[in-house]
Protein chains: 2
Amino acid sequence: MNYNYDQEDKVLVAVDCIIFGFDGDELKLLLVKRELQPEKGKWSLMGGFLKKEETLDEAANRVLYTLTGLDDVYMEQLYGFSKIDRDPVERTISVAYYALINIDEHNSKQSDKYSAQWFSISDIPQLIFDHGEMLEKALRRLRRRTSTDPVGFELLPKKFTMRQLQTLYEVILDEELDKRNFQKKIKQLDVLVKLNEKDMSSSRKGSFLYEFDKEKYEKKISDGFTFKV
Amino acid sequence: MNYNYDQEDKVLVAVDCIIFGFDGDELKLLLVKRELQPEKGKWSLMGGFLKKEETLDEAANRVLYTLTGLDDVYMEQLYGFSKIDRDPVERTISVAYYALINIDEHNSKQSDKYSAQWFSISDIPQLIFDHGEMLEKALRRLRRRTSTDPVGFELLPKKFTMRQLQTLYEVILDEELDKRNFQKKIKQLDVLVKLNEKDMSSSRKGSFLYEFDKEKYEKKISDGFTFKV
DNA sequence: TCAAAAGTGTTCACCGTACACCCATGG
DNA sequence: CCATGGGTGTACGGTGAACACTTTTGA
């Protein structure tokens with residue numbers, strides 16, 4: 001029996017980030033143009049290698065921060081991808097993460113050091129390696145999450161209208177929802193604060209703005225409440 | 001820009017298997033006694049290191065096969081664990097898998113080369129490293145799966161009674177279920193075959209045996225059916 | 001005054017849940 | 001004949017889904 005692991009193989013471990021945003025109209029994905037061979041010039045998820053002295057979560061946050069300047073963002077580990085030749089350069093396994101970010105907040109910080117670009121989810125270019133597969137999985141997970149946790153709010157600005165929220169759910173779930181049923185359900189959740197303030201940009205009448213009440217939400221969760229949106 | 005990854009860190013990647021079984025009465029976990037320092041003699045999930053030329057799934061199946069002699073088993077990747085000092089010997093990340101096996105089939109093959117032992121889920125000894133955390137996560141995942149996919153059948157022998165099936169669900173979900181409602185729900189799923197055969201071991205009257213009809217299940221799934229048990 | 005989006009309730013079908021009694025048999 | 005587990009049906013409440021009209025106001 002060995003008392004160390006000297007004879008074991010070591011491998012490169014990457015993290016790749018599936019970064020979702022919402023522009024009020026469509027679900028978006030942030031991609032970067034790959035700067036090195038092979039597949040140079042193709043679109044890719046933003047990724048990086050795990051360093052010896054950091055956890056996967058830290059690596060994923062570092063990658064996200066490097067690209068967007070954002071931290072304190074909703075992020076969740078998705079899956080470990082490990083096909084032998086997934087990266088033709090060298091054996092690399094990749095742990096994918098997906099992140100939900102507020103697209104406006106991001107745009108105010110974005111540099112295009114990495115030639116990053118937002119793509120509509122319905123119009124994604126071909127991605128390198130197994131990144132397409134990662135995206136698929138992230139989308140499925142996001143859809144599932146959406147109907148058990150109010151993750152949608154992560155994608156919206158602080159103040160938003162019911163219509164924006166509904167549109168967001170519609171693009172995530174890829175189906176149309178009934179306005180009345182949607183509002184009923186959301187209001188039942190009782191985690192929104194209706195502000196005394198209207199957004200006048202979308203109609204003459206104007207629509208009330210809401211805020212997500214995170215504290216109330218946390219409290220409900222800790223009281224054993226489970227959300228089903 | 002680099003054209004290779006020479007400057008990147010490589011790390012040890014382990015897989016650890018959370019192996020569930022069911023003895024007709026309780027949910028069980030298969031553990032091994034750790035044979036090397038540190039924490040020698042303590043109980044541990046069965047694990048192994050990812051080799052250069054295999055995928056994570058392959059590694060997990062290899063580990064499972066090595067311990068149990070079983071392959072073709074329900075197995076699912078769970079999560080990547082990566083705390084810096086999770087393994088005190090050396091920096092190692094571990095991708096956990098959980099498996100559902102038929103405990104009888106296993107017992108007929110078991111050698112105790114690895115001092116493996118089944119433990120009731122309600123009476124698990126302290127585990128090494130972060131294996132306790134892995135188990136927690138696996139249990140949560142199993143509970144969720146149980147109510148969206150008929151995974152339970154993986155844990156039962158080919159022929160089983162309704163009572164066994166119900167008990168299994170009860171121990172997984174950790175709550176009592178109503179016999180009538182349970183049978184109604186299960187029968188609605190329409191993936192069981194009632195056999196012309198009774199199990200006489202549990203009562204004088206005897207109870208009918210059922211088989212899971214995997215083909216029917218696959219067909220339903222591919223027709224877009226979603227299960228909610 | 002009209003166009004365009006906001007806001008709002010009711011009905012119905014279905015599903016989950018609670019609940020109790022008879023059946024068959026071996027001892 | 002009786003003790004034990006097996007097997008079955010109904011009633012009710014809650015939830016999800018369908019559905020249409022009025023309000024506001026800037027142009």
Side-chain angles (χ1 to χ4, degrees), chain A residues 24-25 143-144 146-150 152 156 159-211 220 224-229, chain B residues 24-25 143-144 146-148 150 156 159-211 220 224-229:
Chain A
D25 190 35
R143 290 200 176 115
R144 200 161 359 107
T146 300
S147 48
T148 55
D149 296 277
L156 290 167
K159 302 173 180 184
F160 50 85
T161 65
M162 273 291 164
R163 182 68 237 177
Q164 285 174 304
L165 184 60
Q166 185 180 336
T167 303
L168 173 58
Y169 273 82
E170 288 177 337
V171 296
I172 291 178
L173 299 173
D174 195 26
E175 60 179 326
E176 301 214 331
L177 302 173
D178 180 88
K179 197 168 39 157
R180 288 159 291 185
N181 293 336
F182 182 76
Q183 296 213 13
K184 209 189 308 168
K185 239 188 296 191
I186 293 293
K187 284 180 180 162
Q188 270 174 351
L189 296 183
D190 187 31
V191 290
L192 290 193
V193 184
K194 186 176 192 170
L195 304 176
N196 259 332
E197 204 178 333
K198 283 192 164 190
D199 168 68
M200 301 305 295
S201 67
S202 64
S203 74
R204 314 197 190 285
K205 186 177 176 182
S207 58
F208 279 105
L209 288 164
Y210 291 81
E211 271 181 9
K220 282 184 167 253
F225 197 85
T226 60
F227 284 80
K228 168 75 189 126
V229 183
Chain B
D25 189 34
R143 292 201 175 113
R144 201 162 357 107
T146 300
S147 49
T148 56
L156 290 168
K159 302 174 180 184
F160 50 85
T161 65
M162 274 291 165
R163 181 68 236 177
Q164 286 174 305
L165 184 59
Q166 185 180 336
T167 302
L168 174 58
Y169 273 81
E170 289 177 335
V171 297
I172 291 179
L173 299 174
D174 194 26
E175 60 179 326
E176 302 215 329
L177 301 173
D178 180 89
K179 199 170 34 159
R180 287 158 290 185
N181 294 336
F182 182 76
Q183 297 212 14
K184 207 191 309 168
K185 240 189 295 191
I186 294 293
K187 285 181 178 161
Q188 269 173 350
L189 296 184
D190 187 31
V191 290
L192 289 193
V193 185
K194 186 176 191 171
L195 304 176
N196 260 331
E197 202 178 333
K198 283 193 165 189
D199 169 67
M200 301 306 293
S201 67
S202 63
S203 73
R204 315 199 188 284
K205 185 178 176 181
S207 58
F208 280 105
L209 289 164
Y210 291 81
E211 271 181 8
K220 285 187 163 247
F225 198 84
T226 59
F227 284 80
K228 167 78 189 127
V229 184

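Here is how names work: the chains are called A, B, and so on, in the same order as the sequence lines, proteins then strands, and each is numbered from 1.
- Taking atom CG of residue L177(B) and atom C1' of nucleotide dC19(C), one finds them 15 Å apart after rounding to whole Å.
- Between the CG atom of D199(B) and the P atom of dT25(C) there is a distance of 15 Å, rounded to whole Å.
- Two residues, K205(A) and K179(A), neighbour DNA chain D, and the one matched to the more 5' nucleotide by heavy-atom proximity is K179(A).
- Picking from dA6(C), dG9(D), dG9(C) the nucleotide with the shortest atom distance to the side chain of R180(A) gives dG9(C).
- For the pair R204(A) CZ and dA6(C) P, the computed distance is 12 Å after rounding to whole Å.
- Checking side-chain atoms of Q166(B) against main-chain N and O of L177(B) turns up a donor-acceptor pair under 3.5 Å.
- Listed nucleotides dT8(C), dA18(C), dA5(C) differ in distance to N181(B); the shortest reach to its side chain belongs to dA18(C).
- Closest to the side chain of K185(A), out of dT8(D), dA17(D), dA6(C), is dA17(D).
- Spacing between atom CD of Q183(A) and atom C1' of dG16(D) amounts to 16 Å, rounded to whole angstrom units.
- Heavy-atom distances to DNA chain C give each of G206(B) and F208(A) a nearest nucleotide, and the one nearer the 5′ end belongs to F208(A).
- Within a 6.0 Å radius of NZ in K159(A), other residues, nucleotides and ligands contribute 12 heavy atoms or fewer.
- Counting heavy-atom neighbours within 6.0 Å of E176(A) CD, excluding the residue itself, gives a total of 12 or less.
- Summarising the geometry, the separation between CD on Q166(B) and P on dG7(D) is reported as 11 Å, rounded to the nearest angstrom.
- Atom CE in M162(B) sits roughly 9 Å away from atom P in dT8(D) (whole-Å rounding).
- With Y210(B) as the aromatic partner, K194(B) does not meet the cation-pi criteria of under 6.0 angstrom to the ring centre and within 45 degrees of the ring axis.
- For the pair D174(A) and R143(A), the minimum side-chain heavy-atom distance is below 4.5 Å.
- At least one side-chain nitrogen or oxygen of K187(A) sits closer than 4.0 Å to the OP1 or OP2 atom of dT8(C).
- For K184(B) against dT17(C), a side-chain-to-base donor-acceptor contact under 3.5 Å is present.
- Protein atom CG of D178(A) is 16 Å distant from nucleotide atom P of dT11(C), rounded to whole Å.
- Rounded to an integer number of Å, the gap from K198(B) NZ to dG5(D) P is 15 Å.
- Residue Q188(B) places its side chain closer to dG16(C) than to any other of dG16(C), dT8(C), dA5(C).
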